[in-house]
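Keep in mind it's a predicted model, so treat the numbers as computed, not measured.
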Amino acid sequence: DVKVTQSSRYLVKRTGEKVFLECVQDMDHENMFWYRQDPGLGLRLIYFSYDVKMKEKGDIPEGYSVSREKKERFSLILESASTNQTSMYLCASSPGGLAPTHEQYFGPGTRLTVT
Amino acid sequence: AQSVAQPEDQVNVAEGNPLTVKCTYSVSGNPYLFWYVQYPNRGLQFLLKYITGDNLVKGSYGFEAEFNKSQTSFHLKKPSALVSDSALYFCAVRDRGGATNKLIFGTGTLLAVQP
């Protein structure tokens, strides 16, 4: 079974802090994704990566950055946390290549509260 | 641009009755469609997908979905609902804009099954 793990289930940070969310997958997937989930808005893509050191902006990248130094690990960074970044953050991975048919595998999520 | 709509925020059904969760999509070209389920405080779990072939797709936990090209719909169905099916359901469509397996999600439908 594919396993995607996230470093924290719950996190509370103060406004202005730098926040790191870590995601690790164990299936040698090329693609990794970071989403945020908010009630009524569904899942919105923040950033994704299709290879080590490669990244692309999603739909809502402002206020976030990412890092992918190793294939299995994809980090989401909030440079200066703000209260409007309070949300559920979900990491996902999927096989790469040109085949568009693969589903994504999700981690359990990190509920971040910024006070 | 690709998009997915889930017109119902919540669906209520009695245990043992059939259930339907609606999804419509808009894509240029052939769609690749997915359903995911999210139980409370958990990540998303893959249920089923339509790539090509038979319009009726069967998935996990007794769920199925019917692809209807003329109505641009991909409704999720189950013949007999269980209380344990109560969860948040997301429809997603593959973004054909790139080589990566990027998905566009609907806003989600909360399914409540009453005993």
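The OG atom of A:S67 sits 5.5 Å away from the CD1 atom of A:I77 when rounded to the nearest 0.5 Å. Distance CE/A:M88 to CG/A:L43: 10.0 Å, rounded to 0.5 Å. Interatomic distance, OG of A:S80 versus NZ of A:K18, reported as 10.5 Å (0.5 Å rounding). For the atom pair NE2 of A:H29 and CZ of A:F74, the computed distance is 15.0 Å after rounding to the nearest 0.5 Å. With rounding to the nearest 0.5 angstrom, the OG atom of A:S75 is 8.5 Å from the CG atom of A:L21. How far OG1 of A:T110 is from CZ of A:R36: 13.5 Å, rounded to the nearest 0.5 Å.
Only the side chain of B:Q38 comes within contact range of chain A, judged by heavy atoms closer than 4.5 Å. Proximity to chain A (any heavy atom under 4.5 Å) is restricted, for B:Y36, to the side chain, taken from C-beta onward.
Each of A:Y47, A:Y89, A:F106, A:F48 was checked for a ring-ring contact (aromatic ring centres under 6.0 Å, His included) with A:Y35, and the lone residue meeting it is A:F106. Partner of A:V24 under the side chain to side chain contact (heavy atoms under 4.5 Å, CB included) criterion, out of A:K70, A:E72, A:M32, A:Q6: A:E72 alone. Among the candidates A:K71, A:E56, A:R68, A:E30, the single residue satisfying the side-chain hydrogen bond (donor to acceptor under 3.5 Å, both in side chains) test with A:S49 is A:R68.
The neighbour count for B:R42 CZ, taken as heavy atoms of other residues, nucleotides or ligands under 6.0 Å away, does not exceed 12.
Under the 3.5 Å distance criterion, the side-chain polar atoms of A:Q25 are matched with a main-chain donor or acceptor of A:M27. Looking at A:D59, its side chain never comes within 3.5 Å of a backbone N or O of A:R44 through a donor-acceptor pair. Judged by distance alone, with hydrogens and angles left aside, the side-chain atoms of A:N31 form a donor-acceptor pair with the main-chain N or O of A:P95 at under 3.5 Å. Side-chain N or O atoms of A:Q85 include one that pairs as donor or acceptor with a backbone N or O of A:G63 at under 3.5 Å.
Ranked by non-hydrogen atom pairs under 4.5 Å with chain A, the options B:T52, B:L44, B:D9, B:V4 are led by B:L44. Ranked by heavy-atom pairs shorter than 4.5 Å toward chain B, the options A:G42, A:G109, A:G107 are led by A:G42.
Along residues 54-77 of chain B, no residue comes nearer than 4.5 angstrom to chain A, judged on non-hydrogen atoms. Taking 4.5 Å as the heavy-atom cut-off, the residues of residues 84-92 of chain B that approach chain A are B:L88, B:F90, ordered by number. Against chain A, the residues from residues 107-115 of chain B that qualify, each with a non-hydrogen atom under 4.5 angstrom away, are B:T107 in number order.
In this view, A:T115 and A:V12, A:R14, A:T113 satisfy the side chain to side chain contact (heavy atoms under 4.5 Å, CB included) rule, not counting sequence neighbours.
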